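First listed ligand is number 1; within each ligand, the first listed atom is number 1. Model, not experiment: these values are computed from the prediction.
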Amino acid sequence: MATIDTPGRGTWNSKLGFILAAAGSAVGLGNIWGFPTQVADNGGAAFILVYLVCCILVGLPVMIAEITIGRKTGKNPVGAFKALDSSGFGAIIGYWGVICGMMILAFYLVISGWTIAYVFEEILKYTGNMTGAAWFGDLANGPKNAIFTIIFMLFTVGIINGGVSNGIERATKILMPFLLFILIVMIGYVFTLEGSADGVREYLMPDFSLIDIDLTLSAMGQAFFSLSLGMGALITYGSYLKKNQNIMESAAYVTVFDIFIAFIAGMLVIPAMYVALSQGIAIFGEDGDLISSVSLVFTVLPQLFENMGGFLGLFVSVSFFLLLGLAALTSSISLLEVPVSYVIDEHKIPRKKASLIVGGIVLFFALIISFDIGLIDVFVNIFNEIGLPLGGMMTCIFLGWVWKSSNALLEIDNGFPGASESNFGKVWAFFIQYICPVLIGIVFVTTVLNIIR
Ligand code: TRP
């Protein structure tokens, strides 16, 4: 048993353990549900370009910053900022992260619950029980949503209760490649179908005229969400990191892997929509844009599975929703771990009790959302698109100007000797002090001006 546990905070088992856990946190609904939906919503390949820029220029430096703060202090986000800033002012960033994490988890649970429902739906459809399949497949608002939300919450709390042990480290090692495999099988199949070429074109040919401030804000929010940044998840995971691990290298692996999985998922969903179109299914809304509701992935893909037919259809569909659910689980635990580690560390409450208290509060909000899924968009706007980049910006300003990047670089030197003298180190420090906060700031100010106008 290793890793997240108190007292005597543990460490990850191996070098790979941290990378897998951080990748497990990063790869989730954000990649397979969020990214394709955003691409559809924002006009295809233009969004991908801006997204890539946000991930590399802002996401990666912020990820390195968070891990470094975590490892230096060995604390939860609130404790970590307190430890680095005696004025106590920095702790606000930590508190903001705890709140954002809980609110993001609330809607995350609702969507994650759908993955469970769809596993049943696909099995029942295969056995010919259409009434049963329809019950699981039609997740209208209300009690049905609530049931699956609660089930998913129980899984999440269960894992956090026991500490994130070897189980998760080992499971991600097998599950991630399998997820990739299933995605590639599905893409291969979609590409044989009529209409997919149009989708690939839409996905890969950017129309630069579509790039505007709304698109940029969405891309920035999506980058923070997908990489699990801006609320201290990686401060927390970094606090369990050994001193001999190269932070910059690990962060780069996680970032590249996360971008790759999102890209592959879009390569499946967007062409699949165009295949659906050529089969006479409506994929454009009344405004002429691609439909991109929160349920996009959950409506387009089952149609595809149905067309695959037979046992192949069953195998691929069940594997897909199962893996999507598991990918969501390795993400939801990282969202819950932040407020839980805060309650454990700062209020000296034992882990089990802490996860029940925090879990209960989050569940309250999750249940409200499950009865009105229109609220998902509202939560995404406030806590994801604005909340996370805001947290990231404050983290950069804090690290660059209060704690000072020279001190951070000394911490990075552990596991990466000479980092502070290297060009990597200097470029990173420049990004954290100037580029990242300014870029995020510009996006914010322009957005606000747009709203006021
Ligand atoms: N990155 C996850 C996803 O793409 C979601 C997530 C997990 C997250 N932990 C987070 C988002 C922390 C923001 C902050 O599905």
Side-chain angles (χ1 to χ4, degrees), residues 4 20-39 51 54-55 58-59 62-63 65-67 70 76-77 93-94 96-115 152 156 159-160 164 168 172 175-176 179 218-238 251 254-255 257-266 294 297 323-342 362 376 379-392 394-395:
I4 301 177
L20 285 175
S25 162
V27 174
L29 297 174
N31 304 62
I32 296 158
W33 162 78
F35 184 74
T37 308
Q38 294 261 18
V39 172
Y51 177 73
C54 291
C55 284
V58 181
V62 172
M63 186 184 291
E66 284 200 18
I67 300 172
N76 71 89
I93 310 172
W96 177 241
V98 169
I99 293 171
C100 279
M102 290 170 74
M103 294 302 115
I104 288 175
L105 181 58
F107 76 78
Y108 206 84
L109 290 171
V110 178
I111 301 163
S112 302
W114 295 344
T115 63
F152 208 87
T156 308
I159 293 178
I160 289 298
V164 180
I168 285 288
T172 17
L175 291 174
M176 287 295 163
L179 177 67
S218 299
M220 186 74 89
Q222 175 65 20
F224 272 85
F225 184 82
S226 189
L227 295 170
S228 298
L229 299 174
M231 45 81 58
L234 286 166
I235 295 181
T236 313
Y237 275 23
V254 175
T255 303
F257 186 66
D258 187 66
I259 293 174
F260 178 68
I261 296 284
F263 182 76
I264 289 280
V294 289
V297 168
L323 289 166
L324 183 57
L326 287 164
L329 189 60
T330 56
S331 298
S332 65
I333 55 175
S334 80
L335 284 160
L336 186 58
E337 178 63 17
V338 172
V340 166
S341 70
Y342 156 70
V362 173
I376 292 177
F379 274 62
V380 166
N381 280 336
I382 301 175
F383 297 105
N384 169 5
E385 294 198 339
I386 297 174
L388 296 177
L390 188 65
M394 293 191 292
T395 305

**Student:** Considering distance alone, does some N or O of Ile104 sit under 3.5 Å from an N or O of ligand 1?
**Tutor:** no
**Student:** Any idea which protein heavy atom is nearest atom 11 (C) of ligand 1, and the distance to it?
**Tutor:** Phe225 O, 3.2 Å
**Student:** Please work out, at 4.0 Å between heavy atoms, whether the side chain, the backbone, both, or neither of Asp258 comes within that distance of ligand 1.
**Tutor:** neither
**Student:** What atoms in ligand 1 come closer than 4.0 Å to a heavy atom of Leu388?
**Tutor:** 13 (C)
**Student:** Do any N/O atoms on Gly30 end up under 3.5 angstrom from N/O atoms on ligand 1?
**Tutor:** yes
**Student:** Scan Thr156, Leu335, Leu105 and name whichever one has a side-chain contact (heavy atoms from CB on, under 4.5 Å) with Val362.
**Tutor:** Leu105
**Student:** Looking only at protein heavy atoms, which one is nearest to atom 15 (O) of ligand 1, and how far off is it?
**Tutor:** Tyr108 OH, 2.5 Å
**Student:** Only heavy atoms count here, so choose which of Ser228, Ala22, Gly101, Ala23 is nearest to atom 7 (C) of ligand 1.
**Tutor:** Ser228
**Student:** I need the nearest protein heavy-atom contact for atom 9 (N) of ligand 1: residue, atom name and distance, please.
**Tutor:** Ser334 OG, 2.9 Å
**Student:** Quick one: do Val340 and Leu336 satisfy side chain to side chain contact (heavy atoms under 4.5 Å, CB included)? Show the steps, please.
**Tutor:** CA-CA 6 Å; Val340 166; Leu336 186 58; 3.9 Å; yes
**Student:** Work out whether the distance between some heavy atom of Trp33 and some atom of ligand 1 is less than 4.0 Å.
**Tutor:** no
**Student:** Report yes if Ala26 has an N/O atom closer than 3.5 Å to an N/O atom of ligand 1; otherwise report no.
**Tutor:** yes
**Student:** Should you measure from each heavy atom of Leu29, which atoms of ligand 1 turn up under 4.0 Å away?
**Tutor:** 15 (O)
**Student:** Is the distance from the ring center of Phe35 to that of Tyr51 below 6.0 Å?
**Tutor:** yes
**Student:** If you count the atoms of ligand 1 from 1 in the order shown, which ones are under 4.0 Å from a heavy atom of Ser226?
**Tutor:** 1 (N), 4 (O)
